[in-house]
Amino acid sequence: MAAPSKATVVLKAVKKIAIKFSPFESNVRSTREFLAMVGSEKARSTNMNCEVVTTVKHDKSEPVVDITYLDGDRLVMKGAKLTSREMLSAFQSRCTSKDPQAKTAAKK
Amino acid sequence: MAATLCVKLLPKQGWLPLTQSVRHGSKAVTRHRKPMHILKQKLMAVTRYIPPPRVGPPGAFPSQNKRVQEDHPLMKILKKDLNKVFEDHKMIAVVQNNGSNAEDMMILRNRLYKHGITVKFFPNQVMRSFLKDSVYCNMSPLIIGPTVLFVSKEPKAKEMLKTLRASPQMTLLGACVDDTLLSAQGVLSFSKLPSVTVVQGELVSGLTMLTSTTASMLQRHPAHLSALLQQYVKQQSSDSKEEAT
């Protein structure tokens, strides 16, 4: 799949990301790609306190991405019918809205 | 109108004619739709394209000749390597690593090599085409994204799990141990199993329990044995008497 609009994922406002999937299912491709993008070195270096927890299950359940933000909000994405690009754009839009001041100051 | 030069008005050669008619009003390229000449209309009607009748919508039946691309030589070499890997090694685990840097990889490789586990990288396309042709076709959904193979000749699941717990980026997806496909929980329970010799010992002791008690009884003092047998006979006779009455 093509890379999203911004190459790096900024995790400044995120406390924890929990990803659960069952690898033998056929609908986990987007979740795994999302995990690869979020768990990469660049993304993790933006926020060292953020934990990325992966659980591998075998119960034919749907792949779920559960993100907890610093201000207590939770974003739950069910990745069975989503593409990784959609998930990433949704996640990034919420991240930027949560943490606009630091970002805009850095950009200026 | 065709251009006509009146021959009669040219008595001598080289003289320009008195009247010259100019062609007008019959352009080929017009701004409006020019009505077709009847002959051209007839020709178009006769030579109209009639497509062959379709049995169903275009996507209903798959194309008959599937184009099979031949593997290029590098792929053939990698496939041979993979084949050897699968034959030699008993345990093959598939792990996804999202973003471990070079020194983490080096430390991980070092730790695993002490237990005899090697880390191998293969391109996903090669893996998938190899698995499709081989017996292990059910492993192909595991091979998506950045995957690494941990292969070892002896199935050492416990040590591998301990080392993987140390690095947070590596996620164990599944393993193929002794030609059996295991999930992550399967590998966990496999690591908790006692070794083969212990299990065999337990089985043997369970089967020979009865015979061992008889053997120990026979080995004791014969007087003890005869007393026991007499007691047994008495009990049997008393039981039968009770049944009779």
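Residue numbers start from 1 in every chain, and the chains themselves are labelled A, B, ... in the order their sequence lines are given, proteins ahead of strands.
- Ranked by heavy-atom pairs under 4.5 Å with chain A, the list B:Val94, B:Leu142, B:Leu181 is led by B:Leu142.
- Between atom CD1 of residue B:Ile144 and atom OG1 of residue A:Thr31 there is a gap of 9.5 Å, rounded to the nearest 0.5 Å.
- The part of B:Thr171 that comes within reach of chain A is its side chain, from C-beta onward, which places non-hydrogen atoms under 4.5 angstrom from that chain.
- Atom NZ of B:Lys76 sits in a crowded spot, with more than 12 heavy atoms from other residues, nucleotides or ligands closer than 6.0 Å.
- Using a 4.5 Å cut-off between heavy atoms, B:Leu172 touches chain A through its backbone atoms (N, CA, C, O) alone.
- Only the backbone of B:Asn138 comes within less than 4.5 Å of a heavy atom in chain A; its side chain stays farther off.
- The distance from atom OG of A:Ser40 to atom CG of B:Asn97, rounded to the nearest 0.5 Å, is 11.5 Å.
- You'll find the side chain of A:Arg32 reaches within 4.5 Å of the side chain of B:Thr147, heavy atoms only.
- Summarising the local packing, NZ of A:Lys20 is surrounded by 12 or fewer heavy atoms from other residues, nucleotides or ligands at distances under 6.0 Å.
- Shown here is B:Lys34, whose NZ atom has more than 12 heavy atoms of other residues, nucleotides or ligands within 6.0 Å.
- Between B:Gln96 and A:Val56 there is no side-chain heavy-atom pair separated by less than 4.5 Å.
- Atom CD of B:Gln185 has more than 12 neighbouring heavy atoms from other residues, nucleotides or ligands inside a 6.0 Å radius.
- By the neighbour-count criterion of 12 heavy atoms within 6.0 Å, atom CZ of B:Arg111 is sparsely surrounded, having that number or fewer from other residues, nucleotides or ligands.
- Looking at B:Leu182, only its backbone comes within 4.5 Å of chain A, counting heavy atoms on both sides.
- Taken from CG in B:Asn101 to OG in A:Ser45, the straight-line distance is 10.5 Å, to the nearest 0.5 Å.
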